[in-house]
Amino acid sequence: MNDCIFCKIIAGEIPSAKVYEDDEVLMFKDIAPIAKIHILCVPKEHFAYLSELNAARAAWLGRTLKKIGKMKDELGLGDGYRLVINQGENAGQSVHHLHIHILGGETLPWGK
Ligand code: AMP
């Protein structure tokens with residue numbers, strides 16, 4: 001966990017373009033955006049994989065999905081958005097701290 005780049009961003013040890021923060025979530029701009037708007041949304045409490053959900057983490061995820069929906073206009077996502085969570089190697093997960101990709105700001109092509 002000490003080597004976790006997202007934990008370092010949460011701790012303020014590595015700079016990020018912060019979009020939103022509260023006591024349980026941080027949202028910041030992806031450093032290599034694949035859409036006009038590409039925000040990463042991470043839990044402040046480290047866990048690596050979607051497959052590691054327990055009741056508390058599932059509750060966090062539910063609250064967070066609701067939060068993103070409520071914030072869609074202020075995030076510039078009023079015309080629609082896509083949420084992606086990559087899990088493991090086949091999905092190309094490169095950072096092992098759970099993160100939700102929030103994509104939008106334009107018409108998004110559909111793909112694998
Ligand atoms: P994933 O491939 O699902 O693990 O996504 C990891 C994402 O983190 C990629 O889209 C990267 O561009 C992004 N990323 C990696 N390092 C940083 C960073 N320091 N600040 C912002 N985004 C980052």
Side-chain angles (χ1 to χ4, degrees):
M1 181 174 10
N2 292 337
D3 288 340
C4 173
I5 188 165
F6 288 172
C7 283
K8 288 182 178 162
I9 286 175
I10 290 163
E13 293 165 11
I14 291 178
S16 70
K18 196 196 296 181
V19 171
Y20 172 80
E21 180 172 22
D22 63 25
D23 57 340
E24 63 175 10
V25 79
L26 179 68
M27 298 187 199
F28 54 96
K29 290 185 184 171
D30 196 292
I31 205 167
I34 61 163
K36 250 186 194 166
I37 297 176
H38 187 172
I39 297 165
L40 297 175
C41 177
V42 304
K44 285 197 168 174
E45 189 200 333
H46 178 98
F47 67 101
Y49 304 110
L50 188 61
S51 59
E52 293 176 347
L53 280 191
N54 56 22
R57 290 166 180 170
W60 173 87
L61 186 59
R63 286 192 300 276
T64 299
L65 296 180
K66 207 169 145 190
K67 207 170 278 176
I68 293 167
K70 271 190 167 173
M71 292 175 65
K72 66 179 172 48
D73 291 325
E74 63 186 276
L75 295 175
L77 301 166
D79 290 333
Y81 57 94
R82 180 173 299 150
L83 305 180
V84 174
I85 298 177
N86 290 321
Q87 157 80 37
E89 203 178 329
N90 274 2
Q93 184 177 0
S94 60
V95 177
H96 302 279
H97 180 128
L98 185 102
H99 49 284
I100 304 167
H101 294 264
I102 306 174
L103 304 168
E106 63 180 322
T107 302
L108 299 167
W110 184 242
K112 268 198 217 174

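By convention here, the first residue in the shown sequence is residue 1. The basis for the numbers below is simple: all heavy atoms, side chains too, and nothing from hydrogens, waters or symmetry mates. Just so you know, ligand 1 is whichever comes first in the structure, and atom 1 is the first atom listed for that ligand.
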- For ligand 1, list the protein residues that place a heavy atom within a distance below 4.0 Å of one of its atoms, sorted by chain and number.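 Lining ligand 1: I5, F6, I9, F28, K29, D30, I31, A32, L40, N86, G92, Q93, S94, V95, H99, H101.
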- Task: Determine whether more than 12 heavy atoms belonging to other residues, nucleotides or ligands lie under 6.0 Å from atom CD of E13.
- Result: yes
- Minimum heavy-atom distance between P33 and H38, given as atom pair plus value: CA-ND1, 3.4 Å
- Task: Of all the heavy-atom pairs spanning L98 and Y49, show the shortest one and how long it is.
- Result: CD1-C, 3.8 Å
- Item | Pair listing, salt bridge (Lys or Arg N to Asp or Glu O under 4.0 Å) test, anchored in residues 46-59, at least two apart |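 Listed once each, the pairs would be none.
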- Query: Which pairs with one or both residues in residues 26-50 pass salt bridge (Lys or Arg N to Asp or Glu O under 4.0 Å), sequence neighbours excluded?
  - Reply: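 Residue pairs with at least one partner in residues 26-50: E21-K44.
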Can you give each donor-acceptor pair under 3.5 Å made by side-chain atoms of residues 69-80, sequence neighbours left out, with the distance rounded to 0.1 Å?
none

